[in-house]
> 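Starting off with a structure, shown below.
Worth saying up front: this structure is predicted, and the values here are computed from it rather than measured.
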Amino acid sequence: MEYIHGLPDGTKLAVWEERNQVMALALPFRRGAGAAVLAREVLKDLTSHLFRGVVYYACHSLEHRILFGAVGDGAPVAILSDPTDDRQYSGLRLLEWHEELYLFFRSRSRTGKGWELKVMRPLSGREVVTVWEGFADPVDPVYADGERLVILAGGRLCTWDGKHPPEEGELLRHGTGQKARDAILRLEEENRRHRLREEELLRERESLVKSHEARIGEIKKQYDELAAYAAQLQQEGKRWREKYYKKH
């Protein structure tokens, strides 16, 4: 899996997996600059995400550990360990939601009778929480972030508020398989457009505030000019009255 992230300074950063290593390369490519090795002895499940100007990544190591790190911040650290492969962690996905970074992943239940969808916040606490369970096979979830996180997995649909158990929704009206996946992707696109519209409205409001402040400044300037002119008229009138009374 490979990812390309747009950085705040306008450059891009490519992150990919190659020959059991996680690599990174800044774009556009500069002569003499090569790819950097972020992690070695990587098995699979590379995921990366740009969060608050930093590219974070996670992957599954050959020693059955979940590694987590930040580009430019040294070697990654193990945040989950399963040396015997009993838990079979897989399907890693970094996701920003409610201004926090989440790591979702699959895990086989300890009873061995099914799979669970779990999550942790790798930057704070790292407590593992079971979001959804009861899957006979390892699922490949699709996520749509919004006020509530919408998850499509194994032909089932649920919404999650980040605290309580997920609420399963009705999927029959969307069909199954690719149709259901397309429905979630459309919802994700609608959420994206909604966020863009909110940002546009915020910019319009800021523009109106600036325009209003400029208008107030212009009115104040005109008032000051009129006040100064009125003062000049008063002084001129005073001089004429003094001149008139002297003659009479």
Side-chain angles (χ1 to χ4, degrees), residues 1-29 33-82 87-107 116-132 139-151 153 160-163 188 191-192 195 199:
M1 182 68 72
E2 59 278 340
Y3 302 84
I4 297 180
H5 304 282
L7 303 181
D9 62 1
T11 62
K12 296 184 183 298
L13 183 71
V15 180
W16 73 96
E17 183 183 334
E18 178 182 338
R19 297 178 181 177
N20 298 118
Q21 298 181 130
V22 176
M23 314 290 291
L25 178 66
L27 302 172
F29 180 77
V37 178
L38 303 180
R40 303 180 188 275
E41 299 184 350
V42 174
L43 177 62
K44 58 181 179 178
D45 289 326
L46 173 65
T47 177
S48 65
H49 192 83
L50 177 66
F51 179 67
R52 296 180 180 175
V54 178
V55 175
Y56 294 94
Y57 63 95
C59 57
H60 196 163
S61 77
L62 292 172
E63 297 178 336
H64 300 290
R65 292 183 172 91
I66 303 302
L67 304 180
F68 175 76
V71 176
D73 195 26
V77 298
I79 56 177
L80 281 174
S81 181
D82 182 27
R87 300 295 295 158
Q88 296 187 23
Y89 299 131
S90 60
L92 310 184
R93 173 70 183 276
L94 284 171
L95 176 70
E96 180 180 352
W97 183 46
H98 286 178
E99 299 183 349
E100 290 195 65
L101 186 65
Y102 288 80
L103 175 62
F104 287 85
F105 57 95
R106 298 186 301 253
S107 175
E116 303 165 333
L117 183 61
K118 293 181 176 290
V119 67
M120 70 154 55
R121 291 180 293 178
L123 295 178
S124 58
R126 296 181 181 174
E127 177 187 2
V128 177
V129 176
T130 300
V131 177
W132 208 1
V139 293
D140 185 17
V142 176
Y143 305 92
D145 61 312
E147 182 62 29
R148 296 174 65 88
L149 188 67
V150 181
I151 307 172
W160 187 51
D161 63 1
K163 300 177 181 178
E188 188 175 30
N191 287 334
R192 187 187 69 83
R195 290 194 297 270
E199 294 173 358

> In this structure, which one of D45, L80, V119 forms a side chain to side chain contact (heavy atoms under 4.5 Å, CB included) with F105?
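The side chain to side chain contact (heavy atoms under 4.5 Å, CB included) with F105 is passed solely by L80 among D45, L80, V119.
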> Looking only at non-hydrogen atoms, find the nearest pair between V55 and L7 and report the distance.
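Result for this residue pair: CG2-CD2, 3.8 Å.
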> Return the CG to CZ distance between D140 and R93, rounded to the nearest 0.5 Å.
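Reported value, rounded in 0.5 Å steps: 9.5 Å.
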> Rounded to the nearest 0.5 Å, how far does CG of L43 lie from CG of L67?
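So the CG of L67 and the CG of L43 are separated by 10.5 Å.
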> Between atom CG of L46 and atom CH2 of W16, what is the distance when rounded to the nearest 0.5 Å?
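L46 CG to W16 CH2: 11.0 Å, rounded to 0.5 Å.
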> Nearest 0.5 Å, what's the NE2-CZ distance between H98 and R121?
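If we round to the nearest 0.5 Å, H98:NE2 and R121:CZ are 12.0 Å apart.
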> When you check the side-chain N and O atoms of K118 and T130, is any donor under 3.5 Å from an acceptor?
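There is such a pair (donor and acceptor under 3.5 Å, judged by atom type) between the side chains of K118 and T130.
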> So, using side chain to side chain contact (heavy atoms under 4.5 Å, CB included) as the criterion, who are the partners of I79 when residues are at least two apart?
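Side chain to side chain contact (heavy atoms under 4.5 Å, CB included) list for I79, sorted by chain: I66, F68, V77, L103, M120, P122, R126.
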> Without hydrogens or angle criteria, can the side chains of S48 and H5 be said to hold a donor-acceptor pair below 3.5 Å?
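Short answer, yes.
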> Around atom CG of L62, are there more than 12 heavy atoms of other residues, nucleotides or ligands at under 6.0 Å?
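Yes, CG of L62 has more than 12 neighbouring heavy atoms, counting only those of other groups under 6.0 Å.
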> As an exercise, state the distance from CD of E41 to CZ of R65, rounded to the nearest 0.5 Å.
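Answer rounded to 0.5 Å: 10.0 Å.
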> Using the ring pair (Phe, Tyr, Trp, His ring centres under 6.0 Å) definition, which of the options Y102, F104, F51 pairs with W97?
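That would be Y102; it is the only one of Y102, F104, F51 passing the ring pair (Phe, Tyr, Trp, His ring centres under 6.0 Å) with W97.
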